[in-house]
Number of protein chains: 2
Amino acid sequence: MRISDEMVKHIRAIIKKTGYIPNRAAASLRTGKTHVIGLIVEDIANSFFASMAKSVEKVAAKVGYRVVYGSTENNDSRGNDLIQLLVKQVDGFLITPSIGMKTGVQALRKSRKPLVLIDRYFPGEEIPFALVDNYGGVSKATECLIGKHRKNIAFVNVAMDQIQMKERERAFVEVMRDRGLFQKKWLLRLPYYQDKAQYEPRIRNFLQKHPEIDAIIFATNYLGMFGIKALKDLDISIPEQVAVFSFDDTDLFRFSSPSISVISQPVQEIAAQAMRLLLDQMGGQTKKTPEEGALIAPELILRSSV
Amino acid sequence: MRISDEMVKHIRAIIKKTGYIPNRAAASLRTGKTHVIGLIVEDIANSFFASMAKSVEKVAAKVGYRVVYGSTENNDSRGNDLIQLLVKQVDGFLITPSIGMKTGVQALRKSRKPLVLIDRYFPGEEIPFALVDNYGGVSKATECLIGKHRKNIAFVNVAMDQIQMKERERAFVEVMRDRGLFQKKWLLRLPYYQDKAQYEPRIRNFLQKHPEIDAIIFATNYLGMFGIKALKDLDISIPEQVAVFSFDDTDLFRFSSPSISVISQPVQEIAAQAMRLLLDQMGGQTKKTPEEGALIAPELILRSSV
DNA sequence: CTGAAAGCGCTTACAG
DNA sequence: CTGAAAGCGCTTACAG
């Protein structure tokens with residue numbers, strides 16, 4: 001505060017007149033800070049990750065950061081390449097890692113690069129994460145269906161070892177077991193397809209094989225999308241014959257008729273918590289407490305499908 | 001080619017062993033190139049722009065570029081801020097400009113910053129652009145409806161001075177005039193709302209006021225989304241009472257029942273052309289021919305709604 | 001307190 | 001042809 005207001009005003013005027021913009025590459029070289037955050041998601045075209053990108057952009061802009069993004073498409077080597085590509089160009093990472101990115105992510109962590117996992121995490125790895133309470137969400141949805149006197153409830157999942165998928169499934173299985181309703185045949189695990197349209201016939205088959213099913217929970221938005229298509233193709237009425245829940249909220253679920261009940265992820269909240277955990281690390285000063293994970297409560301949105 | 005293969009191999013081995021990654025900030029300072037592209041869109045959470053981001057990411061990665069993004073939300077000053085923020089940090093811009101970004105974009109162009117407009121452009125400004133043939137798309141859709149003996153066709157647009165919106169409307173008006181079918185009262189222009197849900201009651205009102213309407217073309221994906229909701233709320237059957245077209249393809253239109261016919265933008269093609277025009281400028285060598293715009297043909301996808 | 005100088009890690013023009 | 005040196009534009013430790 002040793003500089004007079006007048007001088008400040010004068011300098012600002014010159015900055016404006018000459019159109020001076022600091023060269024961040026130079027500043028970056030000198031300080032080692034880029035003021036850029038790397039956002040690595042599964043697929044930026046998926047509405048969940050697209051909203052995430054929007055929220056991250058907003059929170060980051062507020063604290064003077066820009067965001068570069070990359071999609072892994074659940075391809076491990078692509079994901080690791082993205083990390084390598086960006087590691088020197090960003091101050092920190094927000095990553096939705098595929099399973100095979102574990103070593104890459106661990107290396108990043110060991111090198112003390114600020115890093116927060118989103119949407120999933122590696123159990124036992126002490127890497128900060130921000131994600132929805134997958135277990136809580138599905139268990140609530142399952143209980144809701146049971147409360148509506150559905151007994152033959154199916155769960156359609158994608159067969160990936162990722163923790164978020166396992167947690168969703170575990171919640172379903174445990175609640176069903178508790179009530180003595182669990183049947184293994186009502187648990188459908190499908191491979192991860194790049195081409196999501198392949199889910200539709202698979203789900204249709206499953207439904208035909210198990211006409212006793214009176215409710216389904218879809219573990220992801222794309223399973224829900226194609227699952228509903230399959231139900232409609234088979235002229236199975238929602239919710240009369242089969243009640244439906246899907247994870248993730250999308251326009252499709254909101255506007256579908258009947259509208260689909262969902263376990264909604266509070267994307268803004270997740271983004272805000274992730275950025276908070278990241279900024280904690282990037283501040284890099286006197287953090288005594290080790291950073292932990294943030295588990296954000298999902299919102300059960302009841303619509304016409306239950 | 002004066003270096004022996006052996007030496008190349010030796011060096012590469014050391015690079016790998018030591019984990020050397022060039023510092024791009026340093027290279028950038030020296031060369032003035034950042035190998036980053038700035039993607040400024042209206043709203044990265046909108047499915048059209050999200051797919052665009054995905055395609056841009058892909059094409060850019062192939063030629064060694066990273067992508068930073070920003071959403072204007074049709075706010076002029078936010079858009080101009082984004083340009084200022086990114087101008088020194090990117091080698092080139094892909095921008096969907098709002099009207100008020102015209103001066104900012106012109107300044108960018110004058111400063112010879114590589115720049116391609118997408119989704120819209122400024123007529124008479126000689127700034128390269130890549131976008132769908134809006135006029136052609138809507139005129140085809142209009143003719144398709146007339147071919148199916150619809151006569152009282154409405155057009156729902158968002159009241160913006162942006163060229164892509166005007167072109168879509170102009171196509172509709174001219175085709176209808178040609179056939180002697182045009183009625184001004186069937187042209188609905190709604191303000192640009194941040195909160196898209198506001199479109200639904202407005203469209204519902206319009207439909208109630210004009211029960212004679214037997215077909216509608218919605219000029220954007222969100223107008224289509226809320227327009228269909230309005231139709232369903234009023235128990236107007238699609239396509240029996242009212243046939244429907246919407247601009248832009250989305251999951252919602254594909255999965256809606258009935259499925260909705262659309263004027264689909266070939267996003268990958270637009271991204272590829274935009275990048276081509278951008279790389280032409282960034283190459284910066286012997287381009288004699290001034291860069292021009294790329295007008296990409298839309299695809300009319302006929303589904304159950306017509 | 002203040003101003004000049006060093007140096008971040010590259011690339012490339014240039015001297016030898 | 002090759003290797004050393006200059007310099008991109010900042011920030012900050014340091015001499016005065």
Side-chain angles (χ1 to χ4, degrees), chain A residues 1-38 60-61 63-66 68 81 83-93 107-108 111-114 279 281-286, chain B residues 1-38 60-61 63-66 68 81 83-93 107-108 111-114 279 281-286:
Chain A
M1 297 294 111
R2 288 166 292 96
I3 295 145
S4 69
D5 289 356
E6 220 167 308
M7 184 51 94
V8 170
K9 209 184 287 178
H10 181 59
I11 300 286
R12 284 200 203 285
I14 291 174
I15 286 174
K16 192 148 192 191
K17 194 184 300 170
T18 58
Y20 172 74
I21 300 174
N23 181 327
R24 281 193 176 278
S28 172
L29 186 58
R30 178 64 233 246
T31 62
K33 303 287 170 201
T34 64
H35 278 248
V36 174
I37 286 167
V63 287
Y65 283 83
R66 241 75 52 229
V68 295
D81 286 354
I83 291 180
Q84 283 311 305
L85 231 46
L86 295 178
V87 67
K88 285 274 185 101
Q89 301 181 55
V90 303
D91 289 348
F93 278 104
L108 221 48
S111 73
R112 319 195 114 266
K113 192 83 186 176
L279 288 169
Q281 298 172 57
M282 297 196 305
Q285 332 92 325
T286 47
Chain B
M1 298 291 108
R2 292 164 289 94
I3 294 146
S4 70
D5 289 356
E6 221 169 309
M7 184 51 96
V8 170
K9 211 185 283 177
H10 180 62
I11 301 285
R12 283 200 205 285
I14 292 175
I15 287 174
K16 193 150 193 190
K17 194 184 300 169
T18 58
Y20 171 74
I21 299 172
N23 182 326
R24 281 193 176 278
S28 172
L29 186 58
R30 179 61 234 250
T31 63
K33 303 287 169 201
T34 62
H35 278 248
V36 174
I37 286 167
V63 286
Y65 283 83
R66 240 73 53 233
V68 297
D81 286 354
I83 291 179
Q84 282 311 306
L85 231 45
L86 295 178
V87 67
K88 284 275 184 103
Q89 299 180 59
V90 302
D91 288 349
F93 279 103
L108 221 47
S111 74
R112 319 195 112 265
K113 192 84 185 173
L279 287 169
Q281 297 172 58
M282 297 197 303
Q285 334 91 322
T286 46

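The figures here come from the full heavy-atom set of this structure, side chains too, leaving out hydrogens, waters and symmetry mates. Chain identifiers are assigned alphabetically (A, B, ...) following the order of the sequence lines, protein sequences preceding nucleic acid strands; residue numbering begins at 1 within each chain.
- Separating the P atom of C/dG7 from that of D/dG16 is a span of 15 Å, rounded to the nearest Å.
- Residue B/T31 places its side chain closer to C/dT12 than to any other of C/dT12, C/dC10, D/dT12.
- Interatomic distance, CG of B/L86 versus CZ of A/R66, reported as 6.5 Å (0.5 Å rounding).
- Nucleotide C/dG9 holds its C1' atom 19 Å from the CZ atom of A/R24, rounded to whole Å.
- In terms of modelled atom types and a separation under 3.5 Å, the side chain of A/D91 and the main chain of A/T34 share a donor-acceptor contact.
- Distances from the side chain of B/A26 to the nucleotides D/dG9, D/dT11, C/dC10 place C/dC10 closest.
- For the pair B/L29 CG and D/dG9 C1', the computed distance is 5 Å after rounding to whole Å.
- As rounded to whole Å, 13 Å separates atom C1' of D/dT11 from atom CG of A/N23.
- Atom NE2 of B/H35 sits about 11.5 Å away from atom CG of A/L85, to the nearest 0.5 Å.
- Whole-Å rounding puts the A/H35 NE2 to D/dT11 C1' distance at 12 Å.
- A/K88 has its NZ atom 8 Å from the P atom of C/dG9, to the nearest Å.
- Pair assignment for D/dC14: C/dG3, on the basis of Watson-Crick or G-U wobble contacts that are both within less than 3.5 Å.
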